[in-house]
Amino acid sequence: MEYQFREIEKKWQQKWIADGVYKVSNTSARPKYYVLDMFPYPSGAGLHVGHPLGYIASDIFSRFKRLKGFNVLHPMGYDSFGLPAEQYAIEHGIPPAVSTDQNILNFRSQLDKIGFCYDWDREIRTSDADYYKWTQWIFLQLFGSWYNRKNNKAESIKDLEQIFNESGNQDHICPGDRNLRFSAADWQAFDEKARQDILMQYRLAFCGYGEVNWCEALGTVLANDEVINGVSERGGFPVVKKKLRQWYLRITEYADRLLSGLQTVEFSDSMKDMQTNWIGKSYGAEVDFDIQSPENYAGDKKVLKVYTTRPDTLFGVDFLVVAPEHELVPMLIANPEQDKAEAYLQYVNSRSERERMAEKKITGVFTGSYCLHPFTGDKIPVWISEYVLAGYGTGAIMAVPCGDERDHKFAEHFNIPITNIIGTHYNGTEANPTKDAVLENSHFLNGLVMRDAMEVALQKLESTGHGKRQVNYKMRDAAFSRQRYWGEPFPIYWKNGIAYTLPIEELPVVLPPMEDLRPGPEGEGPLGNLPDWKNYQDGIREVNTMPGYAGSSWYFLRYMDPKNKETFCSREASDYWGQVDVYIGGTEHAVGHLLYSRMWTKVLFDLGYLGHEEPYRRLVNQGKIGGDSRLAYRVRGTNRFVSAGLKEGYETDELHIDVSLVNGVELDTEAFKKWKPDFHDADFILEEGKYRCGTRLEKMSKRYFNVVNPDEIVEKYGADTFRMYEMFLGPVEQDKPWDTKGIEGVHRFLKKLWRLFVHEEKGLVITKDEPTDAEWKALYRTIRKVEEDTERFSFNTVVSQFMIGVNELSDLKCHKVAILEKLIIALSPYAPHICEEIWQMTGHEGTILDQPFPEVVSKYLVETAKAYPVAINGKTRTEMTISLDASQSDVEALVLSDAIVQKWLEGKAPKKIIYVKNKMINVVI
RNA sequence: GCCCUGGUGGUGGAAUUGGUAGACACGCAGGACUUAAAAUCCUGUGAUCAGCAAUGGUCGUGCGGGUUCAAGUCCCGCCCGGGGCACCA
């Protein structure tokens, strides 16, 4: 009887569902374990072989933990709001709700074929009203809270009103406007609008004005990646920046806790680095430079505040640079530079922030104005340049060319004289960002080492009132509204310019069905086109929707209690399941999703809805599987294709060929001719009778014809083979190319395993004989490695070890059930179908899923001797088997008596013999 | 530009803490079984030099230096690929 994987897999997938073996209970005597995948956006393209990589890893881990005696929560759902569905609706007239449902059906059928152990009763979809009701509810909590810096936690905005009523805001600096000051009497005198405007500046979810990419021709706001070189990706229309009212989350209030929380979780160091850098905490100073009034200057602000992290370089300032968006720019621009400056501003307005940051070309313009140095009184020119970003610090910098590379290039490019304050540390051609130089030309800082001068400068700035210490974060408050349709509506309506919340009884605010998703008037999203919906009592509804990360910021909580009608997740459920023990997903979510969900968790914790404030205890990043494209070379202007090895002799155009038409690199020329009508008459210049394609590793994408669908692989080799092969490809964390060819090896392994139990003609061949020590050793060595490596997510080496184990047992002709049944329990997380089938065939009742993971009996693994590599001067020359309890002198005597060692010694005495027990021996001559 | 990450045979990769580089597979070559094929099994397979062979020498983990008895692994400087950079998710 052969290994008939199709029958086996279908049979068990049906039986497992019928028996409800994957149902998870919130009450159990077993300890809990929560394994979570980053849930997918259900795109129309379906799954390719890259997607399930992380899902397979987490599935194996979940099954492993179950064998280890845990009550394992392993849910799946869909992040089903998002821009592509909306775009698809605009292009094809199919409503997002419809296409999303179709896509989810497709995803589900693809996932089911792979044999995952998800508890589908807990499935969630972020676009379900039952789900986003609670997303809206959490938004209301954010809206109804402020961050009390004294207590370091979110508190109710009602408490803040009470505080204002009693003592004004003197104890609680306004995060939205730190210059805002009012007394209790002021507060009591304010009208409703004024009070609400102030409260808005404290709320964790608040409204403000922010710049967006505005495309007049399309009448809509564009995402950064929809803008290319200042024009829209669709249609190529000009895109400019425009200020629109936006919702934000005050994540900056959590910056410090997001930083310190990193020390309590197991994320990779690189992941922690990325988050740390994103938060970008820096210590520095704000320095006030008085503006020397230009002729046309009429405003009342006379000070330009700059932010610097290097107050020690205060006397190396040669010019100041302000961001083009800086509020003082219109006042700073002075004749005769006015025209040039305005032309420059127009140019900058056409560029995205990313383009500006990536720009290597130096651009800028002199404003015509000067500031006065706070200590020397020198006149310092003020420039405008796009390399200074308005959102960071004060939007203005003091440029110190001798110490900062960008400032240096700027000074050189515009011929601005450079002051040297670090003596020989500056070579005149390149900035030196050292902190160890002794300062010169630096007034009261002369003679100090820069590192120490910082504190001196800070004190002086503060004591003279020219500046102050300032901690800054690169992180900005998170924009939380989108001018789009396919997202959660806000439970907010506006009246007299005041935002009011809808009563909780009215949640969910259901997204009204729409056919035509054209943008609304004046930069509004499509909901702006629905006057009936928009009107709410005597006000109007908020017509923005929430961004993609709203639903994904708390979904891990809903899985714990997915059907709860009373609350987003009961304290009982969240206290039982607690943190996600292992969270698996791609690094592309390193900063966005992970930081937002960490913040939401902290807010819910502060408000008492959760007992823990870090959502994920351990994070594992899975790599991407790249496509392995195949290329053909068409001789220019002909329909003739030249094989890759001969293409140098021709002028060719390169074309992507569907990978299914190619075996290895050899093109099936007949299939190619049938692929597209254009190629029907193609002819070929062959090498050695074959057409060889070029190859290239790149993103797996329809456009490159390199997409491999898991369904096809499962159909051809089975889910167990597919699961193991995905793991065998390499470390989960690493990016790697997909090459279907190697899958044969894994498939052969499963067939070989099968033959340990079943002979093709004789049927079952297992025996009840007592195993030998060699058999126990082969088994336990495998089990130990499987256990260790599974625990540390090294699944590729586990698959290798299973191959080694099965190879050894096959060589030993071992058909003993005592050995083999332990082996298949250990293998069942990796290849559940074949193991369950064998489990049943060998006479067991019930499922293999709940067996205990076999315990290693270490007496079979004890070694008494080791084959040591013996090196001469670090190069291995021979091998000697020596008892493990040998002493240094035993080893020296043995080694020196060895013929090969003697040959290399050439009669001389060795300088030293290094003996590292259980590792190696090195003879130094 | 900034941040992160990777680079080891023809290919995917292994080497967990500085200690036998290339485990395990794929591919390839040769052989067994078969009328034949498939399947299966066996042998070999980093490069290079010497040798009929057993075997032995040299080189070898992107490049150039360094530390060490010993470096794929640690340090310094470079080159190349991939991801992220706030409205793709």
Side-chain angles (χ1 to χ4, degrees), chain A residues 2 38-41 43 79 81-84 87 210 212-213 221-227 246 268-271 273-274 276-278 280 353-354 356-360 387 391 405-406 474-479 481-484 547-549 552 586-593 595 621 623-624 626 628 664 697-699 725 728-731 733-739 741-746 748-749 751-752 755 760 788-789 792 794 796-797 799-804 807 867-879 910-914 916 918-925:
Chain A
E2 268 181 44
M38 287 187 187
F39 63 166
Y41 175 78
S43 81
D79 191 11
F81 272 135
L83 199 52
Q87 196 53 41
V212 294
N213 299 311
V221 172
L222 298 176
N224 275 340
D225 63 338
E226 293 177 304
V227 184
Q246 301 287 348
S268 68
D269 287 346
S270 60
M271 179 59 58
D273 282 351
M274 279 194 263
T276 303
N277 293 336
W278 179 266
E353 196 167 324
R354 196 180 309 179
R356 282 172 54 180
M357 285 190 292
E359 185 57 82
K360 287 186 196 170
Y387 81 89
E405 194 52 46
R406 268 191 311 191
K474 211 157 75 194
M475 180 166 71
R476 309 203 287 262
D477 283 327
S481 47
R482 303 290 184 260
Q483 288 68 49
R484 302 284 184 180
Y549 67 84
S552 61
T587 45
E588 66 272 26
H589 301 285
V591 283
H593 162 62
L595 281 177
N621 291 115
K624 280 191 231 330
D628 194 3
L697 296 177
E698 56 200 340
K699 214 170 86 176
Y725 184 57
F728 189 60
L729 276 176
E733 309 86 23
Q734 206 168 290
D735 290 350
K736 52 210 161 250
W738 176 268
D739 178 7
K741 277 210 130 179
I743 202 169
E744 293 284 352
V746 172
R748 273 176 212 152
F749 157 77
K751 286 199 279 194
K752 196 163 180 177
R755 285 198 305 272
E760 210 169 315
E788 284 172 5
D789 286 4
R792 67 184 179 99
S794 176
N796 56 325
T797 53
V799 177
S800 293
Q801 185 59 47
F802 274 121
M803 289 173 169
I804 293 168
N807 286 346
Y868 282 93
V870 179
I872 313 290
N873 285 342
K875 289 197 179 188
T876 305
R877 298 296 178 183
T878 184
E879 196 174 80
K911 277 194 194 135
K912 209 198 284 186
I913 295 178
I914 290 157
V916 183
N918 211 9
K919 292 281 187 197
M920 47 65 69
I921 295 161
N922 189 15
V923 180
V924 185
I925 300 174

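Reckoned from all heavy atoms, side chains included, excluding hydrogens, waters and symmetry mates. Just so it is clear: chains get the letters A, B, ... in the order the sequence lines come, proteins before strands, and each one is counted from 1.
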query = B:rU16, B:rC69, B:rG19: which one has an atom nearest the side-chain heavy atoms of A:R792?
reply = B:rU16

I'd like a list of close polar pairs between nucleotides 21-28 of chain B and the protein, N/O only, cut-off under 3.5 Å.
{"unit_1": "B:rA23", "atom_1": "N1", "unit_2": "A:S800", "atom_2": "OG", "d": "3.4"}
{"unit_1": "B:rA25", "atom_1": "OP1", "unit_2": "A:N807", "atom_2": "ND2", "d": "2.5"}
{"unit_1": "B:rC26", "atom_1": "OP1", "unit_2": "A:R748", "atom_2": "NH1", "d": "2.4"}

inquiry  = Can you check the distance between B:rA25 and B:rU43, where both ends of the measurement are the P atom (answer in whole Å)?
reply    = 12 Å

ask   = Given B:rG6, is OP1 or OP2 found less than 4.0 Å from the side-chain N or O atoms of A:K624?
value = no

query = Across the strands shown, which category fits A:A478 at heavy-atom distances under 4.0 angstrom: base, sugar-phosphate, nothing?
reply = nothing

key: P atoms of B:rA21 and B:rC75, separation to the nearest Å   = 22 Å

Non-hydrogen side-chain atoms of A:L729 and A:Q734 separated by less than 4.5 Å = no

query = So, is A:R877 near the phosphate of B:rU58, with a side-chain N or O under 4.0 Å from OP1 or OP2?
reply = yes

request  = Looking only at non-hydrogen atoms, find the nearest pair between A:N873 and A:I925 and report the distance.
outcome  = OD1-N, 2.9 Å

inquiry  = Using every non-hydrogen atom in the two residues, find where A:T876 and A:P869 come nearest and quote the distance to one decimal.
reply    = CG2-CB, 4.0 Å

request  = Could you check whether A:P731 gets within reach of a base, just the sugar-phosphate, or nothing at all, counting any heavy atom under 4.0 Å?
outcome  = sugar-phosphate

request  = Check every strand shown and say whether A:G82 touches a base, only sugar-phosphate, or nothing at a heavy-atom separation below 4.0 Å.
outcome  = sugar-phosphate

request  = Pick the C1' atom in B:rC78 and in B:rA23, then give their distance to the nearest Å.
outcome  = 32 Å

inquiry  = Heavy atoms only, 4.0 Å cut-off, all strands: where does A:S794 land among base, sugar-phosphate and nothing?
reply    = nothing

ask   = Is there a side-chain polar atom (N or O) of A:R755 under 4.0 Å from OP1 or OP2 of B:rA39?
value = no

Each nucleotide N or O in nucleotides 3-5 of chain B that has a protein N or O under 3.5 Å away: list the pair and distance.
{"unit_1": "B:rC3", "atom_1": "O3'", "unit_2": "A:N277", "atom_2": "ND2", "d": "3.0"}
{"unit_1": "B:rC3", "atom_1": "O2'", "unit_2": "A:N277", "atom_2": "ND2", "d": "2.9"}

message = Does a side-chain N or O of A:R476 approach OP1 or OP2 of B:rA86 to a distance below 4.0 Å, or not?
response = no

task = Kindly compute the distance separating CG (A:N277) from CE (A:M274), expressed to the nearest 0.5 Å.
result = 9.0 Å

From NE2 (A:H593) to CZ (A:F39), nearest 0.5 Å = 7.0 Å

ask   = Got a minute to check which stems RNA chain B is part of, using Watson-Crick or G-U wobble pairs under 3.5 Å, three or more consecutive?
value = B:1-7 with B:79-85, B:10-12 with B:24-26, B:27-32 with B:40-45, B:46-50 with B:55-59, B:62-66 with B:74-78

task = Take atom C1' in B:rG81 and the same atom in B:rA36, then report the distance between them in whole Å.
result = 48 Å

inquiry  = Which is more 5' along RNA chain B, the nucleotide nearest A:I921 or the one nearest A:I914? Just name the residue.
reply    = A:I921

request  = Please round to the nearest 0.5 Å and tell me the distance separating atom CG of A:D735 and atom CD of A:E733.
outcome  = 11.0 Å

query = Taking CD from A:E2 and C1' from B:rA38, how many angstroms apart are they, rounded to a whole number?
reply = 10 Å

ask   = For A:E879, which contact category applies under a 4.0 Å heavy-atom criterion: base, sugar-phosphate, or nothing?
value = base

query = Rounded to whole angstroms, how far apart are CG on A:L595 and P on B:rA86?
reply = 14 Å

query = Whole-Å distance between B:rG83 C1' and A:Q734 CD?
reply = 14 Å

request  = Indicate the ring-plane relationship of A:F749 and A:F802, choosing parallel, tilted or perpendicular according to the 30° and 60° boundaries.
outcome  = tilted

query = Looking at B:rG12, B:rC69, B:rC87, which one has an atom nearest to any side-chain atom of A:N213?
reply = B:rC87

key: Nearest-Å distance for atom pair NZ/C1', residues A:K911 and B:rU68   = 14 Å

remark   = Rounded to the nearest 0.5 angstrom, the OG1-CZ distance for A:T797 and A:R792 is 5.5 Å

key: Closest to the A:K751 side chain, choosing from B:rU40, B:rG13, B:rA86   = B:rU40

Interatomic distance, A:R748 atom CZ to A:K751 atom NZ [nearest 0.5 angstrom] = 7.5 Å

ask   = Distance-only, no hydrogens or angles: does the A:R484 side chain make a donor-acceptor pair with backbone N or O of A:V221 under 3.5 Å?
value = yes

ask   = A:D735 has an atom CG; how far is it from atom P of B:rG82, in whole Å?
value = 11 Å

query = Glycosidic conformation of B:rG65, syn or anti, with 90° from 0 as the boundary?
reply = anti

inquiry  = Considering every strand and a 4.0 Å limit on heavy-atom distances, what is the contact class for A:V212: base, sugar-phosphate, or nothing?
reply    = base

Gap between atoms CE and P, on A:M920 and B:rU68 respectively (whole Å) = 17 Å

ask   = Is A:N922 reaching over with its side chain to a backbone N or O of A:G874, donor-acceptor style, under 3.5 angstrom?
value = yes

request  = Just call it for A:Q246: base, sugar-phosphate, or nothing, with non-hydrogen atoms closer than 4.0 Å on any strand.
outcome  = base

message = Heavy atoms only, 4.0 Å cut-off, all strands: where does A:M38 land among base, sugar-phosphate and nothing?
response = nothing

Nearest to side-chain heavy atoms of A:Q483, which nucleotide of B:rG12, B:rC87, B:rG19 = B:rC87

key: Side-chain donor-acceptor contact under 3.5 Å, A:N807 with A:K752   = yes

message = Suppose you measure atom P in B:rG12 against the same atom in B:rC4; what distance do you get, rounded to whole Å?
response = 26 Å

key: Inter-nucleotide C1' distance (B:rA54, B:rU34), Å rounded   = 36 Å

message = Could you tell me how far apart A:M475 (CE) and B:rC85 (P) are, to the nearest whole angstrom?
response = 16 Å

task = Would you please test A:M475 and A:W278 for side-chain contact (heavy atoms from CB on, under 4.5 Å) and show each step?
result = CA-CA 6 Å; A:M475 180 166 71; A:W278 179 266; 4.2 Å; yes

query = How far does the P atom of B:rG22 sit from the matching atom of B:rG31, given to the nearest Å?
reply = 29 Å

ask   = Between B:rC87 atom P and A:D79 atom CG, what is the distance in whole Å?
value = 15 Å

ask   = For the atom pair CG (A:L595) and OH (A:Y549), what is the distance rounded to the nearest 0.5 Å?
value = 11.0 Å

inquiry  = For the P atoms, the ones on B:rU16 and on B:rU55, what distance do you get once it is rounded to whole angstrom?
reply    = 29 Å

query = Under 3.5 Å, side chain of A:Y868 to main-chain N/O of A:E879, donor-acceptor pair present?
reply = no

